[in-house]
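For reference, the structure discussed in these notes is given below.
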Amino acid sequence: MTLEPFRGRSLITWLDYEAPEIRVLLDLSKQVKEESRAAARGTAAMRPQRFAGKTIALLFEKRSTRTRCAFETAFGEEGGHPVFLSTQDIQLGAKESIEDTARVLGRMFSAIQFRGFKQSTVETLARYSGVPVFNGLTDSYHPTQALADIMTLEESFGDSRGKRICFVGDGRNNVARSLMVICAKLGVNFTVICPPSLAPDPALLALCLPLARAAGAALEVTPDLAAVAGAEALYTDVWVSMGEEALREERVALLRAYQVNEALMERTGRADSIFLHCLPAVKGEEVSAAVIDGPRSRAWDEAENRKHTIKAIMLAAINGEA
Ligand code: CP
Ligand code: NVA
């Protein structure tokens, strides 16, 4: 499959991608998952080695289990060489400017992944490195997560267009923000249910509302839990994101009433509604153990899908073909 229009492109936020492009990446993710299943069953003679001779720098200012492991295993199993670099190890923004680090890494690596605090850091890496840069989470966005979320929704309900996800919890956080953008682009109805003080950034809403309208989807923000009625998926994330640890007490007090539990899943009024969570989860806070470990939970498929979606994104941007 030719993916030439993707070659060399960074993924900083889904705002930079058109719906048909996101659709191509979703379809490729499904193909990659099937290939992976076939290889595991031993029906594929050999796993393809599409990243042979390629390298990726994985820069981490914040901790990670899924994102790091998805990038490392997806790239490594196809012959690529991932190099993990935490800010304990390199000079990024300490003794060396981000621009200079970007210039140097761009001379040695085929691509860069960045996880950290500021969105401006990943933007600067993309501007100065000359290679594709993937945003593996910042305070503002978590785009690779959102692609896996939509893939997981589609595994249960088919085409995501016209379906509805309710995000319940901290409506300002990176995961909610990326979901809002990808849903608006793809025509997925998206409802943020949160206390008014944790409502999404009005500037991002102002960008996404016309996109959602153009795609025929509703984008709503409400404090009212009754809005879960009819939703295909309830989604939540931790109440305290990385870097906000000092706000813990305040957040728990604000969000206590917003736990996703069996009673809330029932209020969807659908026997087939599913539960999604980017993980890691704090069971007993944003979600009850009964829900995340129960039959409606797709959180573990969603975690696996991080690997397939990230492989698809890398194939498109690094190789320009699959
Ligand atoms: N969902 C997610 O990004 O998980 P990690 O923080 O473990 O990478
Ligand atoms: N909102 C969470 C997501 C973790 C994957 C955080 O930023 O910590």
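Positions are given from 1, in the same order as the sequence printed here. Just follow the structure's listing: the first ligand is 1, and inside any ligand the first atom is 1. Small disclaimer: the values here were computed from a predicted structure and weren't measured.
- Between F114 and F134, a ring centre-to-centre spacing not shorter than 6.0 Å is recorded.
- Two residues are said to be in side-chain contact when any heavy atoms from C-beta on lie closer than 4.5 Å; R23 and D159 meet this criterion.
- A pairwise comparison of heavy atoms in A217 and G187 identifies CB-C, 3.5 Å as the closest pair.
- When hydrogens are left out, the protein atom nearest atom 7 (O) of ligand 1 is T65 N, 2.6 Å; that is the closest non-hydrogen contact.
- For the pairing with T236, the side chain to side chain contact (heavy atoms under 4.5 Å, CB included) check across V260, V175, I193, V291 returns one residue only, V260.
- Ligand-side atoms of ligand 1 in range of H142: 2 (C), 3 (O), range being under 4.0 angstrom from any heavy atom.
- Between R115 and ligand 2, a contact under 3.5 Å exists for no N or O pair.
- For CZ of R63, the number of neighbouring non-hydrogen atoms (other residues, nucleotides, ligands) closer than 6.0 Å is 12 at most.
- Inclusion of L279 in the set of residues having an N or O under 3.5 Å from an N or O of ligand 2 is not warranted.
- For the pair S288 and K283, the minimum side-chain heavy-atom distance is 4.5 Å or more.
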S197 and E250: side chain to side chain contact (heavy atoms under 4.5 Å, CB included), yes or no, with the steps? CA-CA 11 Å; S197 59; E250 179 190 316; over 6 Å; no
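- For ligand 2, the polar-atom distance check against K62 finds no nitrogen or oxygen pair separated by under 3.5 Å.
- Exactly one residue among V252, L255, V238 makes a side chain to side chain contact (heavy atoms under 4.5 Å, CB included) with E285. That residue is V252.
- Note that K54 lies outside the cation-pi zone of F75, set by a 6.0 Å cut-off to the ring centre and a 45° limit from the axis.
- In terms of protein heavy-atom proximity, atom 6 (O) of ligand 1 is nearest to R115 NH1, 2.8 Å.
- Counting atoms of ligand 2 from 1 in the listed order, those under 4.0 Å from a heavy atom of S241 are 1 (N), 2 (C), 6 (C), 7 (O), 8 (O).
- Of all the heavy atoms of L137, none lies under 4.0 Å from any atom of ligand 1, so neither backbone nor side chain is involved.
- Nearest to atom 8 (O) of ligand 2 among the protein's heavy atoms is M242 N, 2.8 Å.
- At the shortest separation from atom 4 (O) of ligand 1 among protein heavy atoms lies R66 NE, 2.8 Å.
- Aromatic ring pairs are classed by plane angle as parallel below 30°, tilted from 30° to 60° and perpendicular above 60°; the pair Y17 and F6 is parallel.
- Set against the non-hydrogen atoms of C278, the atoms of ligand 1 under 4.0 Å away are 1 (N).
- Each of the atoms 1 (N), 2 (C), 3 (O) of ligand 1 lies under 4.0 Å from some heavy atom of R306.
- Summary of contacts: the protein heavy atom closest to atom 7 (O) of ligand 2 is N174 ND2, 2.8 Å.
- Remark: minimum distance from atom 4 (C) of ligand 2 to any protein heavy atom is reached at L137 CD1, 3.8 Å.
- Geometrically, ligand 2 and D237 share a nitrogen or oxygen pair separated by less than 3.5 Å.
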